[in-house]
Amino acid sequence: MAGRSSEIERKWQERWYETGVNESEPDSRPKFMIIFAYPGVTGYLHVGHMRGYTYVDAISRYMRMTGHNALFPVGTHATGNGAISLANRIRSRDNATIEYMLANGCTEEQLENLGDPQRVVHFFNDVYVNQYWKRFGFLADWRRFTCTIYPDYQKFIQWQFRKLKDKGLLIQKPYFATACVECGPVAVDPSETDLQKGGRAETVEYTLLKFRCGDKFLIAATLRPETVYGQTNFWANPDVDYVEVRKDGETWVMSRPAFDKMRYQKDGLELIGVVRGRELIGRRCLAPVIHREVLVLPAMFCDPKVGTGLVTSVPSDAPDDWISLLELQRNEELMREYDLNPAEVRGIQPIAIIDTKGWGPLPAVEIIEKMGIVRSDDPRLEDAKKVVYREGFHTGRMNQACGEYAGMPVERAKDLMREMMISRGEAELFYDLSDEVVCRCGKPVVIKKVPDQWFIDYGNEWLTEDSKRQAGTMHILPPEYYANIPGVLDWFRERACVRQGNWLGTRFPFDDKWIIEAISDSTLYPIYYLVSKYFNEGSLRLDQLTEEFFDFAFLGKGDAESVSESTGIDLELVRRIRADVEYWYPLDINLGGKEHMTVHFPAFLMNHVGVLEEKYWPRGIFVNWYIIGKLGKISKSKGGAEPIPGAAEHFGVDPLRLYYVHIASPFADVEWDEEAIENYRSRMERISKTAEELKGLDGKGEMDSIDCWLLSRLNTRAARVRNGMKEYDLRGMANEVYFEMMNDIRWYVRRGGSSESIASRVLDAWTRLMAPITPHAAEEIWEGLRKECFVSLSNFPSVILDEIRLDIEQAEEFLKEAMADANEILKVTGISPRRVTFYTSPEWKRRIHAKGIEMARAKELNVPSLTKAVMADPELKSKGKEAADFSRKTAETLIKCSSEEIDRLGVVFDEFAYLIGAAAFVAQELGCEVAIFSADDPNAPDPQRKARAAQPRRPAIFIE
RNA sequence: GCAGGGGUAGCCAAGCCUGGUCAACGGCGCAAGGCUUAGGACCUUGUCCCGAAGGGGUCCGUGCGUUCAAAUCGCACCCCCUGCACCA
C-alpha cells in the first residue's frame with residue numbers, strides 16, 4: 001500500500017515539475033508571494049519542521065486556485081558555525097555524529113566528503129530540497145533557490161548593509177560579549193551548540209565600588225548599587241590571597257580570578273603584587289557615596305570566584321551580611337584573633353534604607369528571624385536573598401536615609417545611582433557569567449570587551465515608529481501576536497550585527513575583519529528571490545551585482561539604461577528584474593515557528609522598513625507552533641523522531657499533510673503521535689473509496705429534494721471554506737472537506753440519493769476542494785474523472801448562491817430530529833415498534849409560531865405582546881386557552897434564541913409533504929411501518945391523543 | 001526577573017475575540033448492532049448522570065461577580081508551558 005502511494009506521489013510530482021506548475025512569472029492576475037523562514041543548515045530536519053512548510057504549500061496552492069498568481073520560493077540559511085562544527089565532528093569521526101548521519105540516510109561514501117563545511121552545506125541543501133520539500137509535493141519555484149553562503153547572496157547582503165549605513169542605522173560602540181579565550185565569540189545558550197558546559201549561565205552586571213584604603217582601592221562588586229546608603233562595613237575573606245592591580249595609575253585590590261576575567265574587559269591592567277586577606281582585616285576604608293570610614297571584617301562567604309571576592313556590607317537588606325555580622329559579634333574569640341575592638345564591632349547596626357511593601361525597615365534581619373537561620377553557611381540563605389532582592393527591587397522605595405533619592409522606587413534609583421557613582425569615578429562596571437562556562441575546545445568562556453563592535457540600531461526612533469505603524473496594517477496571525485508586536489518592536493534594541501572568528505557568512509562591507517552575524521543576514525532576503533533566479537540560470541554574473549544594480553532593482557533609483565551600461569547587463573533584463581520586483585513585492589506572508597517572534601520577525605520587518613520604500617513593506621506574518629516529542633521538544637541534534645523521508649514512505653505524503661493541517665490549530669503545540677497519522681491515512685483511504693462510490697452512481701431521474709440538499713450543502717461548505725481561508729484557516733478547510741463533506745455524501749447515499757449528474761458535480765468540486773491539502777490524491781481522483789488539466793491548476797469551487805437551499809437543509813434537519821426523537825422514545829421505553837405514527841403541526845400553531853418569529857425579528861417579542869397579537873386573530877382566539885398556552889410557550893422559547901436561530905426557525909417548508917416524501921426511508925431506518933398525518937386531519941387515527949403535542953418543527957409521535 | 005501563551009468530558013482537540021444555534025465541532029478509544037468465511041477493514045447507533053414517551057439534572061482549573069442568559073465578559077487565586085538577543 002505504502003509502495004503504491006509513493007509511486008502515485010512521485011508520478012504527480014514529476015508531472016508538476018516537468019510542466020512547471022510550480023514556476024511563477026508575472027502576468028495579469030493579482031500576485032501572492034509567500035515564504036517560510038528558511039531553515040538553518042545544521043543537520044537533518046525532522047517531521048516537526050514539515051508542519052509549517054506544509055502550511056505554506058497548502059496556502060499557496062489555495063491562493064493559486066482562487067485566481068492568484070502564487071509565488072513560493074525557498075532557500076536555506078548556512079551562516080554561523082553549525083556546518084563548521086558538524087564538519088569537524090565528521091572529520092574527527094565523532095561516534096554519535098556518524099551514527100546520526102547514517103541513521104538519517106547518509107551513505108558512507110557521502111560521509112567521506114563531508115569533512116568540509118562548504119560541502120556539508122551543499123549536501124544538506126540537496127537533502128532539504130529533494131528529500132523533504134519535493135518529496136512533499138511542494139509547488140515551490142525551485143529555480144529561485146538560494147543560500148546565505150552563495151556568493152551572489154552575499155553581494156546582496158553587502159548591498160543591504162550599505163543601505164543600512166546610508167540610513168544611519170549602523171552604529172559602532174564598545175560591547176561586552178561572551179567569548180572563548182581561545183576561539184573568540186561563542187553563543188551561551190541552553191542548546192550548547194558551541195559549549196562543553198554552562199549553557200544556562202547568564203550575564204550578570206556588577207557595579208564595582210571603589211573603597212579608598214590608604215593609597216589603594218579595595219574593589220567590591222555588587223549587584224545592588226542602590227544599597228550604598230546602607231553600608232556599615234566591608235567584608236574580606238582572610239583565607240584568600242588577593243592581588244594588587246595597576247589600573248589607570250591607581251592600585252586596585254581584588255581576587256585573582258576577578259583579575260583574570262577583568263583583563264578581558266578593561267585595558268592596561270597590570271598585576272603588581274599580592275596581599276593576604278588576613279592583612280586587610282581590621283583596616284578602615286572609605287565607603288563610596290556616603291564617604292564614611294568603615295571597618296574591614298572577616299567573612300567566609302566571600303568567594304574569590306564570584307565578583308571580586310570582596311564585598312560591601314549592607315546588613316539591612318543583605319541576609320548574608322546580617323548573619324555574618326551577627327556571627328562575628330557573638331564570637332569574642334574571633335574578634336580577638338583578628339585584633340578587632342569588640343565594642344566597635346558590636347556597635348555596628350544595620351541602617352534602614354528601603355521601605356518594602358509588607359516588610360519592616362530591615363528586611364534582611366526580618367527574614368533571617370522568620371526562617372530561623374543562625375549560621376552563615378545555611379544553604380537557605382540563597383532563598384532568603386532571592387526573596388529580599390525581588391521584593392525590594394519591585395515594590396521598594398528609597399527612604400529618608402538616601403539623600404536625594406529618598407522616595408524614589410528602587411527600580412529607578414538603581415540605574416540613577418549607578419550612573420551617578422560611575423560619573424563621579426567612585427564605581428565602574430564589570431560583567432561576569434553566573435556559572436562556569438566552558439567552550440567546546442575546553443577553554444573557559446569569559447565576557448570580553450569588543451571596543452569597536454557594529455550594531456544595527458533597532459532602537460532608532462523613526463524606524464521603530466514606522467515599523468509599528470506598518471505592523472498595525474499587517475495581517476499577522478495569531479491575533480495575540482498581532483497585539484503584542486508593537487511591544488516587541490519597542491523592546492527591540494540595538495543589536496550586534498557582525499562578529500569575528502570561525503564563522504560562515506558574508507564579509508562586512510566596511511571592514512572585512514568582520515563577518516555579518518546570522519540573524520542580521522536573514523531579514524530582507526525574500527526580495528532577493530526575485531534576482532536569484534536570473535543568477536541561477538546564468539543571465540547575471542557575480543560582478544554585475546553592483547550597488548547601482550541593486551539600487552535600481554530594489555529601490556528604483558537611477559535608470560535602466562545607465563545600469564545596463566555600467567554593468568553590461570542586457571537592458572531588457574534590467575527592466576525585467578525591476579518589473580519583477582514591482583510585480584511580486586511586497587511579501588504577502590512570512591511564515592515561521594514561534595521561536596521567531598522576538599527576534600527574526602521584528603528584524604525582518606524593521607529591515608524592510610529601514611531599507612525599502614513603504615510600498616514594499618511586508619503585509620503578513622504567520623506564526624506556527626511546534627510538533628513536539630513525547631518527552632519534550634523534538635531536537636534536531638538528539639533526534640527522537642523518524643526521519644522525514646521514512647515518514648513519507650511509511651505514512652504517505654497526503655496523510656501527513658492532512659495530519660499537519662488538521663490535527664490542531666496552528667497556534668498550539670502538538671505531540672507527535674504515529675497512531676493519529678495512521679488514522680489520517682485510513683481517512684484518505686475511505687475518501688478514495690467514497691469517491692469511487694460516487695462515481696458508481698448512475699441514477700438518471702429528475703432532481704430530487706435530496707439532490708438539492710447535497711448541492712446546497714456543497715455550496716454551504718465551499719462558502720465556509722472560502723470565508724475561513726481569509727484568515728488562512730486551513731484546519732477549518734480540512735474539517736469541512738475531509739470530514740463534514742464526507743458525512744454529507746454518506747448521508748446522501750443512505751437517503752437513497754443516486755443521481756449521476758449530481759454525483760459527478762459533487763465529486764468534481766470535492767476533488768478541487770482537496771487539492772490544496774492532499775494534492776496527490778486529488779490529482780489521482782481528478783485523472784479518474786478524465787479531466788484534462790491538473791486539478792492543482794483548476795479553480796477552487798466557487799459558491800453558487802442559487803443552489804443554497806436553506807429550506808431544504810432545514811427540512812432535512814427537521815427529518816433527522818424527528819427520527820432522533822423517535823429513536824430516543826424507543827430507547828427509553830424499550831418498545832419494539834410495529835408502527836410509528838408522526839403527526840405534523842396543525843395550521844393554527846404554525847400561525848402562532850410565525851407571528852412569534854416575526855415579532856422576534858422586530859425585537860418586539862415578549863409573552864404578553866405575542867399573546868395579545870394572537871388574541872387579535874379571531875380564528876386563533878376561538879382556540880381559547882389552548883392558543884394562549886401555546887403562545888406563551890412559543891414566546892418563552894423564542895425569546896431565548898439568538899437571531900441566527902430565529903432565522904433558522906423562520907425558514908418555511910411543508911413539513912407534512914417532506915415527511916411523506918421520506919416515509920419509505922424513515923420506515924427502513926426505524927425498521928417498522930411508518931404513518932404520517934397532519935394534526936389537522938380529523939380522520940387521523942390517534943388512540944392515545946398524541947397529536948395534540950404536535951408543534952412546528954416538532955411532530956408528535958405515537959409508537960405502538 | 002522581563003514578556004507572552006494555556007488549563008474544555010476517558011484521551012487528543014475545536015469553540016472563547018463578536019455571550020444565546022453548547023451536553024459543547026471533529027477525531028481517537030470504548031460498547032452494541034450490521035456486513036463478512038474471517039477480520040485490527042467498512043457501515044449504523046450509542047458513549048456525563050437519572051428517566052418504560054421525545055424529559056430532567058449537573059458540567060468547560062478554583063472562587064466570586066456582571067447579565068434575562070457565561071466555556072465565552074470582569075476580578076482574585078491555583079497549576080502548566082514558551083521566548084528573552086550574537087542560537088537559527
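Chain A is the first sequence line, chain B the second, and so forth, proteins listed ahead of strands; every chain is numbered from 1. Bear in mind the structure is a predicted one, so any value in this text is a computation, not a measurement.
For A:N735 and B:rC25, a side-chain-to-base donor-acceptor distance below 3.5 Å is present, hydrogens and geometry of angles not being considered.
For the residue pair A:T774 and A:Y738, a side-chain donor N or O sits within less than 3.5 Å of a side-chain acceptor on the partner.
Side-chain nitrogen and oxygen atoms of A:R686 include at least one within less than 4.0 Å of the OP1 or OP2 phosphate oxygen of B:rC43. Close to B:rC42, at under 4.0 Å from its OP1 or OP2, lies no side-chain N or O of A:R746. Proximity of A:R954 to the phosphate of B:rG54: no side-chain N or O atom is located under 4.0 Å from OP1 or OP2. The side chain of A:R750 contributes an N or O atom lying less than 4.0 Å from OP1 or OP2 of B:rU45.
On the P atoms, B:rC81 is 34 Å away from B:rA31, given to the nearest whole Å. Nucleotides B:rC11 and B:rU82 have their C1' atoms positioned 24 Å apart, rounded to a whole Å. Between B:rU58 and B:rG4, the two P atoms lie 39 Å apart (nearest whole Å). When the C1' atom is compared between B:rA70 and B:rG26, the two are found 24 Å apart, to the nearest whole Å. Rounded to whole Å, the P atom of B:rU18 lies 22 Å from the corresponding atom of B:rA23. The gap from the C1' atom of B:rC75 to that of B:rC22 amounts to 25 Å, rounded to the nearest Å. Across the P atoms, B:rA53 and B:rG63 are found 35 Å apart, a figure rounded to whole Å. Taking the P atom of each, B:rC79 and B:rG40 are spaced 46 Å apart, rounded to whole Å.
What separates CD of A:E817 from P of B:rA53 is a distance of 21 Å, to the nearest Å. Distance CD (A:E901) to P (B:rG20): 11 Å, rounded to an integer number of Å. As a whole-Å value, the separation of A:N823 CG from B:rG51 P is 20 Å. Regarding A:I687, its CD1 atom lies at a distance of 13 Å from the C1' atom of B:rG26, rounded to whole Å. Following rounding to the nearest Å, A:F739 (CZ) and B:rC25 (P) show an atom-to-atom distance of 14 Å. Spacing between atom CZ of A:R948 and atom P of B:rA53 amounts to 16 Å, rounded to whole angstrom units. In this entry the distance linking CZ of A:R683 with P of B:rG40 reads 19 Å, nearest Å. Regarding A:D729, its CG atom lies at a distance of 12 Å from the C1' atom of B:rG15, rounded to whole Å.
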Readout for nucleotides 1-8 of chain B: B = base within 4.0 Å of protein heavy atom, S = sugar-phosphate only, - = neither; 5' to 3' it is SS-SSS--

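Taking the six-membered ring for Trp and thresholds of 30 and 60 degrees, A:Y659 and A:W672 have ring planes more than 60 degrees apart, a perpendicular arrangement. Between A:F601 and A:Y481, the ring-plane angle classifies as tilted under the 30° and 60° cut-offs.
The side chain of A:E824 lies closest to B:rG51 when the candidates are B:rC43, B:rG51, B:rU21. The side chain of A:I519 sits closest to B:rA88 out of B:rG54, B:rA88, B:rU21. Out of B:rU82, B:rC43, B:rA53, the shortest distance to the side chain of A:K594 is found at B:rU82. Checked against B:rU21, B:rA13, B:rC43, the side chain of A:M742 finds its nearest nucleotide in B:rC43. Distance from the side chain of A:S682 is smallest for B:rC42 among the nucleotides B:rG83, B:rC42, B:rU21. When distances run from any side-chain atom of A:E675 to the nucleotides B:rC28, B:rG54, B:rA52, the shortest one goes to B:rC28. Distances were taken from every side-chain heavy atom of A:T829 (C-beta onward) to each of B:rA52, B:rA85, B:rG26; the shortest belongs to B:rA52. In this structure, of B:rC28, B:rG51, B:rA88, it is B:rC28 that holds the atom nearest to the side chain of A:N679. Of the candidate nucleotides B:rA13, B:rA52, B:rG54, B:rG54 has the atom lying nearest to any side-chain atom of A:A956. For A:A518, whose side chain is taken as the heavy atoms from C-beta onward, the closest listed nucleotide among B:rA85, B:rC25, B:rA88 is B:rA88.
Within 4.0 Å (heavy atoms only), A:E740 reaches sugar-phosphate atoms of the nucleic acid but no base atom. Using a 4.0 Å heavy-atom distance criterion, A:I959 is classed as a base contact. As judged by a 4.0 angstrom heavy-atom cut-off over every strand, A:A496 is placed among the base-contacting residues. Using a 4.0 Å heavy-atom cutoff across all strands shown, A:P955 reaches at least one base atom of the nucleic acid.
For the pair A:R751 and A:F921, the distance from NZ or CZ to the six-membered ring centre is under 6.0 Å and the angle to the ring normal is within 45 degrees.
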Where each pair must be Watson-Crick or G-U wobble with both distances under 3.5 Å, what dot-bracket representation of RNA chain B is obtained, with crossing pairs in [ ] and other-strand partners as |? ((((((((.[[[..)....(.....]]]((((((.......))))))(((....)))...[[[[[..)....]]]]])))))))....

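When the options A:Y38, A:F36, A:Y128, A:Y53 are evaluated for a side chain to side chain contact (heavy atoms under 4.5 Å, CB included) with A:V74, the one that passes is A:F36.
When each of A:S665 and A:T598 is assigned the nucleotide of RNA chain B bearing its nearest heavy atom, the one mapping closer to the 5' terminus is A:S665. For A:S899 and A:V498, each mapped to the nucleotide of RNA chain B holding its nearest heavy atom, the one lying further toward the 5' end belongs to A:S899.
Taking OG1 of A:T837 as the reference point, atom NZ of A:K946 lies at 11.5 Å (rounded to 0.5 Å).
Take A:D521 and apply the side-chain hydrogen bond (donor to acceptor under 3.5 Å, both in side chains) test, not counting sequence neighbours, and it matches A:H77, A:T79.
Ring centroids of A:Y728 and A:H475 are separated by less than 6.0 Å, placing the two rings close together.
When all heavy atoms of A:A950 and A:A935 are compared, the pair lying nearest together is CB-CB, 4.1 Å.
Contact check on A:D942 versus A:R948 returns no salt bridge, with no Lys/Arg side-chain nitrogen under 4.0 Å from an Asp/Glu carboxylate oxygen. Ionic pairing of A:E517 and A:R495 is present here: one or more N-O contacts between side-chain nitrogen and carboxylate oxygen are shorter than 4.0 angstrom. Salt-bridge formation is detected for the pair A:E925/A:R750: a Lys NZ or Arg NE/NH1/NH2 atom is positioned less than 4.0 Å from an Asp or Glu carboxylate oxygen. We find that A:E692 and A:K689 are not joined by a salt bridge, their nearest charged nitrogen and carboxylate oxygen being 4.0 Å or further apart.
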